[in-house]
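Below is one structure, written out as structure tokens; the observations come after it.
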Amino acid sequence: MEHAGEHETCLESDQMYCVERRVYNQGALQGQLHQKEKTSLPLSQKIAHSCRFSSKKAKSVLFRFLPILKWLPRYPVKEYLLGDIISGISTGVMQLPQGLAYAMLAAVPPVFGLYSSFYPVFLYTFFGTSRHISIGTFAVISLMIGGVAVRVAPDEMFNSMDTNSTNSTDSLKEDLRVKVAVAVTLLSGIIQLCLGFLRFGFVAIYLTEPLVRGFTTAAAVHVFTSQLKYLLGIQTKRFSGPLSVLYSLIAVFSNITKTNIAALVVGLICMVLLLSGKEINDRFKKKLPVPIPMEIIVVVIGTGVSAGMNLKETYGVDIVGYIPKGLRPPAVPDIRLIPAVFVDAIAIAIVGFSMAVSMSKIFALKHGYTIDGNQELIALGICNSTGSFFQTFAITCSMSRSLVQESTGGKTQIAGTLSSIMVLLVIVAVGYLFEPLPQAVLAAIVMVNLKGMFKQFGDIAHFWRISKIELAIWIVAFLASVLLGLDYGLLASVAFAMITIVYRTQSPQYRILGQIPNTDIYFDVEEYEEVKECPGIKIFQANTSLYFANSELYINALKKKTGVDPCEILAARKKAQKRHTKELQHLREHEKKAVLRLTNDVDNSVKHEVMNDELALNGKTLATEAATQEFSPDELEHFMKPVTNIHSIILDFSPVNFVDSVGVKALKSIIKEYEEIGISIYVTGCNGSVVDNLARLQFFDKAPFRDLLFPSIHDAVLTSQVKGASALQTPLNVVISTPTS
């Protein structure tokens with residue numbers, strides 16, 4: 001029966017409730033409940049039902065596959081269109097220079113960066129579920145593709161070619177690396193499609209935030225290192241794989257005397273302008289209607305200065321070079337390269353999806369809508385696999401462009417479509433104007449865009465405060481990715497993250513709970529002064545499930561925290577009983593010797609009298625010694641004292657999610673061992689799935705076991721207090737019966 005408070009206006013902290021009910025165990029509770037009947041269809045009917053076609057089902061599948069059909073018909077033109085136009089233009093002016101710059105990271109000609117900024121962005125509008133992210137080229141993915149291209153088509157392959165034409169060699173190098181980039185893009189898209197159709201969107205959860213941030217910070221180091229040669233205007237070999245960062249730095253500093261001063265000056269001026277523009281945009285973002293497009297401004301100025309001063313011919317500054325006009329016809333990727341790029345494609349597919357879904361969730365939470373992880377996989381898979389036929393390289397979400405797209409008023413992917421159309425206009429009309437653009441300008445754009453990633457070094461202090469394990473994941477992800485390369489570094493990081501999961505299950509927290517007086521609330525006795533242990537009762541809690549990997553740890557922790565070890569107590573009992581039996585045998589031998597001496601000296605009455613006295617004295621002395629030496633003081637203190645007043649142990653299973661067969665055997669062993677020393681074991685707080693596990697694993701084969709389960713700790717405590725009343729009056733001791741002579 002439940003009683004409300006006397007005053008409706010009373011504070012929540014002053015409210016009281018009183019519930020009057022009987023004390024339940026699992027058996028009594030199940031006896032009062034009637035389980036609902038569940039009818040299960042045969043497998044053939046389930047298959048037929050799932051394959052049944054209906055217009056409603058077809059519409060649902062179509063809307064799920066093409067989310068644009070759901071939101072476009074309800075698009076509020078007056079409210080959204082202006083914001084989408086402004087956002088699309090703002091994102092488009094960032095898309096253009098970043099497409100050119102990130103093409104260098106992918107080791108392909110700049111025009112392919114423009115292709116990658118058009119086709120996938122346009123396709124995502126139809127298939128994506130996020131309204132705010134900007135799909136396209138991204139530094140991390142571009143660098144990973146460039147690493148694959150360099151590994152599959154190294155410079156040595158072309159340096160050893162017998163040719164008199166440098167241009168033909170460069171052309172062959174570019175063509176092969178484009179084929180590699182397109183092949184890895186096709187394969188990563190197919191992998192994403194397969195994972196999406198198989199509903200494997202949950203794979204992103206294994207790329208935890210510390211792992212992703214450590215990995216992207218390491219990628220920023222790789223990207224920054226790869227751009228140094230363009231900023232300095234020197235020619236060095238491009239490295240990939242383990243220790244590539246170290247080799248790149250050595251190569252750059254070995255050729256530092258060959259620095260092109262003009263290229264360095266141009267690059268540094270561009271970096272100053274870009275950093276100043278970003279600072280102004282951050283400081284006055286609430287006052288500026290749109291961010292200042294410093295990247296496109298720098299590109300225009302750099303192109304104009306380069307063309308006007310003829311930097312290529314006069315100072316030897318490397319420029320973007322030829323940009324073909326118009327779009328290329330579709331072509332089938334070279335599938336012969338797929339075996340060589342398979343592992344890299346898996347890493348690129350997973351990293352690309354992780355970056356996109358992480359950013360999508362941030363914006364979805366902020367603006368109050370949901371995204372579908374599986375559909376995001378399908379959307380990215382379509383963008384990559386379809387785009388590969390038009391010579392694009394793998395794409396994902398760009399953090400910097402997404403923030404601009406959202407902050408400038410973008411409401412839907414119409415903004416993304418408009419930004420892709422801007423790139424298309426450059427490709428088909430004015431792309432050739434950017435041919436004189438110095439590569440140092442693009443390097444400056446890439447390096448400045450890494451500013452946000454380098455800020456992630458602040459994560460070290462953050463994770464140090466909140467979680468040492470997450471800090472370890474961040475550091476391992478960073479170091480492994482820097483030293484081993486992004487592909488192997490990612491695999492090592494994921495493996496280490498898995499190990500931390502195992503470590504956490506192997507290192508749970510164990511607590512002894514106590515009661516807040518006059519309540520049914522139980523907390524850790526070591527945490528709060530007000531919490532008191534119930535007399536004669538130990539309440540044990542572990543924040544982990546009970547299964548094969550930690551069942552032994554659970555048992556050991558139970559014995560340690562409660563101070564009761566049945567094995568040691570039983571061993572002490574046997575040892576004491578054995579010692580007592582030995583002393584009795586020793587006493588009987590003395591009695592026999594005394595009797596023998598009496599019979600031999602029967603005529604000597606004085607001697608007979610002395611022997612009687614000696615016999616009595618010896619018997620009394622030996623009996624006393626047997627009584628006092630039954631247990632040594634150390635044994636009494638070590639084995640007997642901890643269990644003197646304990647009659648019940650309650651295992652709180654409320655944090656337990658599952659129990660396997662090894663866990664059930666461990667639980668049965670615990671119950672049996674403690675019963676042998678007179679201590680009752682009770683289990684409380686099992687959820688429905690755990691009870692089902694116990695039933696399926698035949699824990700309830702013996703009827704009393706169901707009576708050991710209770711729905712709450714308080715039910716078990718009340719039962720223990722009733723059953724343990726006699727035990728409280730007679731403390732648990734080792735009792736040994738003495739045989740009569």
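Treat the numbers as computed from the prediction; the structure is a model and nothing was measured.
Atom CZ of Phe457 sits in a crowded spot, with more than 12 heavy atoms from other residues, nucleotides or ligands closer than 6.0 Å. Surrounding CZ of Phe342 are at most 12 heavy atoms belonging to other residues, nucleotides or ligands under 6.0 Å away. When the shell of 6.0 Å around OH of Tyr510 is examined, it contains more than 12 heavy atoms from other residues, nucleotides or ligands.
Between Phe540 and the choices Tyr682, Tyr522, Tyr554, the ring pair (Phe, Tyr, Trp, His ring centres under 6.0 Å) rule is met once, by Tyr554.
Taking Ser661 as the reference, nothing meets the side-chain hydrogen bond (donor to acceptor under 3.5 Å, both in side chains) condition, with sequence neighbours excluded. Evaluation of the salt bridge (Lys or Arg N to Asp or Glu O under 4.0 Å) rule for Asp652 yields no partner, not counting sequence neighbours. Under the salt bridge (Lys or Arg N to Asp or Glu O under 4.0 Å) criterion, Lys532 pairs with no residue, sequence neighbours left out. With sequence neighbours excluded, no residue satisfies salt bridge (Lys or Arg N to Asp or Glu O under 4.0 Å) with Glu470. Residues satisfying the ring pair (Phe, Tyr, Trp, His ring centres under 6.0 Å) criterion with Phe653, sequence neighbours excluded, are absent altogether.
Taking each heavy atom of Gln192 and Ala349 in turn, the nearest pair found is NE2-O, 3.0 Å. The shortest non-hydrogen separation linking Phe710 to Tyr24 is CD2-O, 2.9 Å. Across Asn543 and Pro655, no two heavy atoms sit closer than the pair CA-CB, 3.7 Å. Residue Ala477 comes nearest to Ser493 through the heavy atom pair CA-OG, 3.1 Å, listed as atom of the first residue, atom of the second, then distance. Among all heavy-atom pairs drawn from Leu490 and Phe215, the shortest one is CB-CE1, 3.9 Å. Here the closest heavy-atom approach between residue His647 and residue Pro535 is recorded as NE2-O, 3.9 Å.
Looking only at side-chain heavy atoms (C-beta outward), Asp565 and Ile569 stay at 4.5 Å or farther from each other. Using a 4.5 Å heavy-atom threshold, the side chains of Val717 and Ile539 count as touching. Proximity of Leu195 to Phe353: side-chain heavy atoms (C-beta onward) are nowhere separated by under 4.5 Å. Within the 4.5 Å cutoff, the side chain of Met355 has heavy atoms near those of the Thr216 side chain. No side-chain heavy atom of Leu486 sits under 4.5 Å from any side-chain heavy atom of Val351. Side chains of Lys559 and Pro566 form a contact here, defined as non-hydrogen atoms less than 4.5 Å apart. Counting heavy atoms from C-beta outward, Val140 and Met453 have side chains that approach closer than 4.5 Å.
Under a 3.5 Å cut-off, the side chain of Asn693 and the backbone N or O of Phe658 do not form any donor-acceptor pair. Remark: the backbone N or O of Ala497 is paired with a side-chain donor or acceptor of Thr500 at under 3.5 angstrom. A donor-acceptor pair is defined here as one N or O able to donate and one able to accept, closer than 3.5 Å; no such pair exists between the side chain of Ser467 and the backbone of Phe463. A donor-acceptor pair is defined here as one N or O able to donate and one able to accept, closer than 3.5 Å; such a pair exists between the side chain of Asn687 and the backbone of Val656.
In this structure, the separation between OH on Tyr528 and CZ on Phe523 is 6.0 Å, given to the nearest 0.5 Å. Taken to the nearest 0.5 Å, the OG1 atom of Thr544 stands 12.5 Å off from the CZ atom of Arg504. Note that the CD1 atom of Ile671 and the CG atom of Leu651 stand 8.0 Å from one another [nearest 0.5 Å]. Interatomic distance, Asn550 CG to Asn556 CG, rounded to the nearest 0.5 Å: 11.0 Å. Atom NE2 of His462 sits about 8.0 Å away from atom CZ of Arg213, to the nearest 0.5 Å. Put simply, CG on Asn25 and CG on Leu708 are 8.5 Å apart, with the number rounded to the nearest 0.5 Å.
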For a quick test of your reading: what N or O donor-acceptor pairs under 3.5 Å do the side chains of residues 512-521 make, sequence neighbours left out?
{"residue": "Gln515", "atom": "NE2", "partner": "Thr519", "partner atom": "O", "Å": "2.5"}
{"residue": "Thr519", "atom": "OG1", "partner": "Ile516", "partner atom": "O", "Å": "2.6"}
{"residue": "Thr519", "atom": "OG1", "partner": "Ile521", "partner atom": "N", "Å": "3.2"}

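Under the 4.0 Å criterion applied to side-chain N and carboxylate O atoms, Arg511 and Glu526 are not assigned as salt-bridge partners.
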(message) As a quick check of understanding, evaluate side-chain contact (heavy atoms from CB on, under 4.5 Å) for Ser551 and Lys665, giving each step before the final call.
(response) CA-CA 9 Å; Ser551 59; Lys665 289 180 181 178; over 6 Å; no
(message) I'd like to know whether Arg21 forms a side-chain contact (heavy atoms from CB on, under 4.5 Å) with Asp715, so could you lay out the CA-CA distance, the side-chain angles of the two residues, the decisive distance to 0.1 Å, and finally the verdict.
(response) CA-CA 10 Å; Arg21 64 169 177 83; Asp715 286 284; 2.8 Å; yes
